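Following: one structure in structure tokens, then a few remarks.
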Number of protein chains: 4
Amino acid sequence: MIIVMKPGSKDSDIQEISKVLNSLGLGVHISQGTERTIIGVIGDKRKLNDVPIELMPGVEKLVPIVESYKLAGKTFKPEPSVIEVNGVKIGGKELVIMAGPCAVENHDQIMAAALAVKKSGAQFLRGGAFKPRTSPYAFQGLEEEGLKLLKEAKDATGLNIITEVTSEKAVEIADKYVDMFQVGARNVQNFQLLREIGRSKKPVLFKRGPATTVDEWLNAAEYIMSEGNYNVVLCERGIRTFETSTRNTLDISAVPVVKNLSHLPIIVDPSHAAGKSQYVLPLSKAAIAAGADGLIIEVHPNPKSALSDAAQQLTPEDFDYLCKDIAKIAEIIGREFRYGN
Amino acid sequence: MIIVMKPGSKDSDIQEISKVLNSLGLGVHISQGTERTIIGVIGDKRKLNDVPIELMPGVEKLVPIVESYKLAGKTFKPEPSVIEVNGVKIGGKELVIMAGPCAVENHDQIMAAALAVKKSGAQFLRGGAFKPRTSPYAFQGLEEEGLKLLKEAKDATGLNIITEVTSEKAVEIADKYVDMFQVGARNVQNFQLLREIGRSKKPVLFKRGPATTVDEWLNAAEYIMSEGNYNVVLCERGIRTFETSTRNTLDISAVPVVKNLSHLPIIVDPSHAAGKSQYVLPLSKAAIAAGADGLIIEVHPNPKSALSDAAQQLTPEDFDYLCKDIAKIAEIIGREFRYGN
Amino acid sequence: MIIVMKPGSKDSDIQEISKVLNSLGLGVHISQGTERTIIGVIGDKRKLNDVPIELMPGVEKLVPIVESYKLAGKTFKPEPSVIEVNGVKIGGKELVIMAGPCAVENHDQIMAAALAVKKSGAQFLRGGAFKPRTSPYAFQGLEEEGLKLLKEAKDATGLNIITEVTSEKAVEIADKYVDMFQVGARNVQNFQLLREIGRSKKPVLFKRGPATTVDEWLNAAEYIMSEGNYNVVLCERGIRTFETSTRNTLDISAVPVVKNLSHLPIIVDPSHAAGKSQYVLPLSKAAIAAGADGLIIEVHPNPKSALSDAAQQLTPEDFDYLCKDIAKIAEIIGREFRYGN
Amino acid sequence: MIIVMKPGSKDSDIQEISKVLNSLGLGVHISQGTERTIIGVIGDKRKLNDVPIELMPGVEKLVPIVESYKLAGKTFKPEPSVIEVNGVKIGGKELVIMAGPCAVENHDQIMAAALAVKKSGAQFLRGGAFKPRTSPYAFQGLEEEGLKLLKEAKDATGLNIITEVTSEKAVEIADKYVDMFQVGARNVQNFQLLREIGRSKKPVLFKRGPATTVDEWLNAAEYIMSEGNYNVVLCERGIRTFETSTRNTLDISAVPVVKNLSHLPIIVDPSHAAGKSQYVLPLSKAAIAAGADGLIIEVHPNPKSALSDAAQQLTPEDFDYLCKDIAKIAEIIGREFRYGN
């Protein structure tokens with residue numbers, strides 16, 4: 001942390017600040033420039049979290065030098081983390097694909113989806129049981145009934161099951177059925193929910209919010225990790241920008257940026273980023289080429305009858321084609337994906 | 001709702017779509033253009049919420065004509081709503097100011113804040129008991145203990161009490177102490193929370209999210225209202241943009257835009273928008289001049305010792321000055337604010 | 001400028017950097033933290049403009065401490081600048097209003113507009129002769145013919161004339177007719193144009209670009225000023241964000257932010273920000289309340305027949321009403337505006 | 001174009017609008033909904049460019065149905081365009097790579113860069129002679145002297161030469177030296193410049209602006225094409241968003257979106273998007289995987305001595321490695337790139 005003093009700040013201001021910092025057990029390093037004096041703070045910056053240095057006389061601004069998250073960062077753990085879910089390793093050499101419908105609708109739909117995605121090589125079945133929808137008049141999910149259907153599909157196929165949890169109560173219910181939680185973009189800073197998941201220890205797919213910087217996202221991941229759950233997989237799913245030709249703007253750069261800042265695995269959700277199924281294939285290939293550890297893709301046995309986000313769900317045929325392509329790219333870039341079953 | 005067909009779509013495609021719409025009880029109006037055929041859908045658009053028309057053969061895109069919210073809109077209720085909280089009317093002629101510290105810290109702090117803001121004319125005391133903070137290592141609030149302190153301040157001053165609720169459990173606890181709930185920006189699409197508040201009937205200050213369009217915000221308000229709680233006051237608090245000289249970018253235009261689309265009152269939070277106390281005064285004056293029904297402002301008896309968001313909290317002296325200015329502008333624009341007590 | 005070293009950087013890296021800085025006549029101040037070493041650079045940061053310190057071994061990132069513009073900043077000139085145009089002072093106690101049609105269309109139109117805006121108190125007549133339009137098939141302006149019509153309107157009313165210049169050639173032509181140039185948002189970083197205007201010495205209204213930070217905007221102003229033309233008036237006109245209910249998002253906070261960073265006057269263009277005439281009045285009042293030095297407003301004698309941007313132009317009646325309101329607010333906030341003629 | 005009427009609009013309003021449309025030679029199709037009447041406009045929408053229908057009584061809003069550009073769109077020309085520059089085909093099966101330093105600095109630098117990029121397989125040498133820089137105190141380019149050096153490099157290597165032009169005068173000068181113009185992001189709506197380039201017929205690489213939607217970008221391309229120059233290659237280079245971990249946010253989705261809307265080729269500039277050389281390789285691979293027709297990449301024989309944008313320039317070694325990777329991915333996705341010379 002650097003404290004930049006105003007032009008013309010007084011020696012007594014600087015002494016006052018030094019005194020406060022020293023009283024917190026922090027070291028001080030003063031540097032007299034031609035236009036400004038700056039004060040370097042030496043020690044654990046988090047000691048300053050609740051001390052408003054920026055209001056002390058003579059202070060112009062604070063400039064952070066190191067990131068404010070710790071457990072999620074590479075300084076804490078330089079080597080990449082591999083999160084294991086029933087033998088499937090996320091963040092290792094093998095790419096992981098999670099696929100399935102936006103929402104669980106009924107037994108036949110989820111079973112058909114499970115068989116189809118398994119056949120093409122997916123390791124996880126996704127399916128929403130608790131659906132946060134923009135309008136309260138849209139389909140909101142089958143809740144526990146949907147989880148039971150997911151469990152049946154798991155029993156039939158051996159796929160791991162992942163579902164979005166939207167409240168502390170949903171965490172409690174889903175805990176009995178699923179192999180991995182998903183936190184959706186709208187809940188990226190629902191800190192109560194994050195803490196609850198942190199206490200559960202179950203692996204979690206943690207989506208970036210539409211207006212969340214990478215730095216804030218890693219800080220939010222820290223909420224989960226600081227409760228003791230280190231099994232966090234990040235998921236880039238597009239950010240909100242002025243461009244409207246896609247539902248969100250996939251921030252493909254977030255993949256190498258996260259790899260640079262954090263040891264956590266990162267996968268990409270091209271379905272929600274694009275909002276249109278026709279863009280899912282090119283964006284999936286781009287994500288893998290950029291270094292993502294996997295994909296989460298919406299697949300519906302019959303998209304035309306889907307109860308939510310129909311426009312962005314692939315048919316099983318399109319998904320199969322995608323998996324074939326991903327397997328080929330994987331090889332080129334030194335990864336692996338076992339197409340087919 | 002308009003359905004735009006692709007160039008070269010077939011008659012049979014159009015007939016198929018008409019059949020589906022008719023089966024839902026919707027009327028159809030076909031218009032043959034030079035480049036495209038368009039189909040007008042006549043009837044309640046919400047019948048289409050769960051039918052993926054956009055995937056039917058020949059369809060290029062859907063164009064919504066009317067907004068998807070209902071209860072929050074002016075078509076439903078053209079005249080402005082006035083929300084009354086223990087005799088204080090929000091959305092009427094009189095401007096309403098809510099003020100107090102970012103977080104409740106202790107008895108002396110909240111009592112000093114309450115007395116100060118009351119003295120200058122505020123009608124509500126704000127104070128956070130449940131604090132969502134970007135970093136898990138920052139102060140997270142006193143929870144129920146903080147609510148008790150707020151209640152003491154209310155008993156001493158007669159001010160209405162408002163506090164942020166961040167989970168269903170927090171709603172339950174706060175319900176016993178406060179006069180008005182606040183939903184923070186991070187929870188604008190935490191639909192579980194919104195429904196819970198909808199069921200409680202207690203007035204709620206509903207903040208816009210940093211990446212929420214006005215349309216999505218009104219749809220989210222609909223979640224609260226569709227559960228039966230019509231006592232919703234909107235609060236613009238800045239959106240996330242590329243500009244970094246302020247914490248968020250206050251979308252001042254949202255004030256007249258909301259007045260145009262909705263009957264709900266709207267107030268402005270210049271403290272979170274700016275993130276710096278020096279900008280709170282000019283932005284407060286701008287908000288009132290633009291037609292806002294009030295303000296929510298962070299005031300701390302001693303900002304330099306504040307445990308959260310110190311940089312954006314006003315001193316009681318600055319707040320008193322602000323109230324004086326607001327009273328003068330109120331008069332000019334045909335509103336009222338009783339400065340002083 | 002602070003140079004932040006990577007964790008584990010070597011002493012030899014630091015010595016190498018010190019050597020380079022010293023060779024440029026810059027001082028060095030080294031501060032050893034617990035996680036990072038940082039190097040303070042002492043002296044004129046601009047000496048580093050063309051030296052890629054960030055590529056030297058061991059360097060993690062550079063952190064600027066002072067702004068990169070100079071002439072536009074308050075460090076260079078702490079007291080506010082007043083730009084005088086034929087006796088009208090922009091940035092003084094009196095508010096300045098520039099008004100007129102989006103585009104000059106014909107003699108009767110511009111004359112009617114001039115008489116109307118003069119009558120309500122405007123000091124400047126605006127009117128586009130060179131019109132940059134999103135589509136090449138839209139009306140592009142009357143060019144020199146339009147300038148002659150503006151000049152006639154000036155001769156008849158005594159109003160100052162301002163028009164947008166879009167190329168070096170337009171500067172040359174317009175120079176003979178107008179009292180003030182305007183640089184539009186699309187040309188905010190058309191540096192050739194800025195230099196040309198810098199050489200002309202004529203006062204210039206310099207609009208912010210839709211994706212320009214305040215910092216970049218002041219740097220762009222520096223292009224004009226560094227050629228010797230200090231007569232720069234800034235104009236906030238909305239930035240591009242995800243919100244679509246207005247054409248742009250008026251960044252009202254830019255008014256106090258610019259006042260804090262720069263000595264240059266700043267006015268607001270609510271017409272282009274909103275894109276809809278119904279929002280011009282509330283945004284104009286907000287701008288003045290926030291501390292703007294004036295407004296530039298689109299007024300057309302008959303908006304329904306306007307050849308460009310019809311939706312955002314006020315009628316003379318609406319403009320007159322606006323001026324009356326501005327005069328009242330001006331008084332309250334310690335400014336002045338002479339409504340009427 | 002659809003005209004949406006206000007609820008409660010009068011029959012006479014609709015008749016009035018019909019009359020105006022008919023007088024312009026446009027057909028009218030009226031559709032009575034339950035909440036709104038809508039009017040379909042049949043015929044060439046561009047006839048409405050200068051007629052403010054949105055101001056007529058009873059009108060709520062206009063909804064465009066077809067895009068406003070024509071020559072740049074797929075309706076005009078459904079099959080992809082291939083732009084040929086001295087035998088190099090952009091938009092065909094073979095991928096095209098343009099590479100070279102940000103700025104031409106001197107003979108040795110540009111010659112070393114040319115030989116290096118040629119050796120790895122690049123077909124174009126890029127190098128800035130006119131440099132638009134954020135600060136006026138940074139290096140601004142060698143201008144004509146730089147063009148001569150580029151020409152020498154071309155003569156020595158046979159590479160095509162591309163350079164940015166920033167003004168009508170620069171177009172005139174560069175015309176004698178280069179094989180392809182580049183329009184930079186800051187000039188995307190500098191319509192004077194676009195028209196000038198439209199008149200020249202020389203192929204042009206047309207970069208997207210940081211705040212330009214795909215729709216506006218294609219409309220801007222229309223400025224060049226409507227003057228008769230159809231040799232336009234688009235270049236995605238990142239847009240401005242709230243995220244700051246990269247210089248801009250590469251909008252990778254723009255690649256398939258443009259392929260869907262336009263017949264023009266599109267390449268990607270990962271160097272300016274990322275702003276950091278370490279992200280250039282993953283983003284390049286992503287761009288090609290997403291379907292881009294090529295890349296433009298900054299390569300400097302010695303980045304540490306570069307006079308501009310040093311942080312984003314690759315070494316020749318890194319570039320060689322990149323070309324090798326691109327060749328492998330090209331094969332997988334059915335394209336071609338001849339690595340090496």
Side-chain angles (χ1 to χ4, degrees), chain B residues 67 208-218 236 238-261 268 270 273-292 324-334, chain C residues 67 208-218 236 238-261 268 270 273-292 324-334:
Chain B
E67 60 285 352
R208 181 182 186 181
T212 312
T213 62
V214 169
D215 185 76
E216 289 167 338
W217 187 20
L218 293 174
E236 160 65 32
I239 57 175
R240 177 144 275 182
T241 70
F242 62 83
E243 177 58 57
T244 55
S245 61
T246 44
R247 185 168 167 175
N248 294 282
T249 297
L250 181 66
D251 182 8
I252 191 77
S253 314
V255 173
V257 167
V258 162
K259 291 277 174 206
N260 188 40
L261 297 174
V268 167
K276 290 179 189 160
S277 61
Q278 72 193 107
Y279 299 138
V280 170
L281 179 60
L283 295 184
S284 295
K285 294 196 277 189
I288 295 305
K324 222 180 291 183
D325 267 23
I326 294 304
K328 284 190 261 175
I329 294 183
E331 214 188 313
I332 293 296
I333 60 164
Chain C
E67 60 284 353
R208 182 181 184 182
T212 312
T213 62
V214 169
D215 185 76
E216 290 167 338
W217 187 19
L218 293 174
E236 160 64 32
I239 57 175
R240 177 144 275 182
T241 71
F242 62 84
E243 177 58 56
T244 55
S245 60
T246 44
R247 186 169 168 175
N248 294 283
T249 297
L250 181 66
D251 182 8
I252 191 77
S253 315
V255 173
V257 166
V258 161
K259 291 278 174 207
N260 188 39
L261 297 174
V268 167
K276 291 179 188 159
S277 61
Q278 71 193 108
Y279 299 138
V280 170
L281 178 62
L283 295 184
S284 295
K285 294 196 277 190
I288 296 304
K324 221 180 290 181
D325 266 24
I326 294 303
K328 284 191 261 176
I329 294 183
E331 214 188 312
I332 291 298
I333 59 162

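Predicted model, so just to flag it, every value in this text is computed and none were measured. So that the names make sense, note that chain A is the first sequence line, chain B the second, and so on, each numbered from 1.
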Interchain contact, [X] with chain C, by part (heavy-atom threshold 4.5 Å):
X: Leu250(B); value: both
X: Glu216(B); value: neither
X: Thr212(B); value: backbone
X: Ile288(B); value: neither

Search all heavy atoms of [X] against all heavy atoms of [Y] and return the closest pair with its distance.
X: Trp217(C); Y: Val258(C); result: CZ3-CG2, 3.9 Å
X: Thr249(B); Y: Glu236(B); result: O-OE2, 4.3 Å
X: Ala289(B); Y: Ala289(C); result: CB-CB, 3.8 Å
X: Ser245(C); Y: Val214(B); result: OG-CG2, 4.2 Å
X: Ile332(C); Y: Lys328(B); result: CG2-CB, 3.8 Å

Contact winner vs chain B - Val255(C), Ile252(C), Ile329(C), heavy-atom pairs under 4.5 Å:
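Of Val255(C), Ile252(C), Ile329(C), Ile252(C) has the most heavy-atom pairs under 4.5 Å with chain B.
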
Of all of [options], which one pairs up most often with chain C through heavy atoms under 4.5 Å apart?
options: Asp251(B), Thr244(B), Asn260(B), Asp325(B); answer: Asn260(B)
options: Leu281(B), Asp215(B), Ile239(B); answer: Ile239(B)
options: Ala274(B), Pro270(B), Ala211(B); answer: Ala211(B)

What part of Thr246(C) gets closer than 4.5 Å to chain B, counting heavy atoms only: side chain, backbone, both or neither?
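Contact with chain B is through the side chain of Thr246(C) alone.
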
Interchain contact, Ile333(C) with chain B, by part (heavy-atom threshold 4.5 Å)
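The answer is the side chain of Ile333(C).
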
Glu243(B) versus Thr241(B), side-chain donor and acceptor atoms under 3.5 Å:
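Glu243(B) and Thr241(B) do not have a side-chain donor-acceptor pair below 3.5 Å.
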
Counting only heavy atoms not in Glu331(C), do more than 12 sit closer than 6.0 Å to its CD atom?
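At most 12 heavy atoms, drawn from other residues, nucleotides or ligands, come within 6.0 Å of this atom.
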
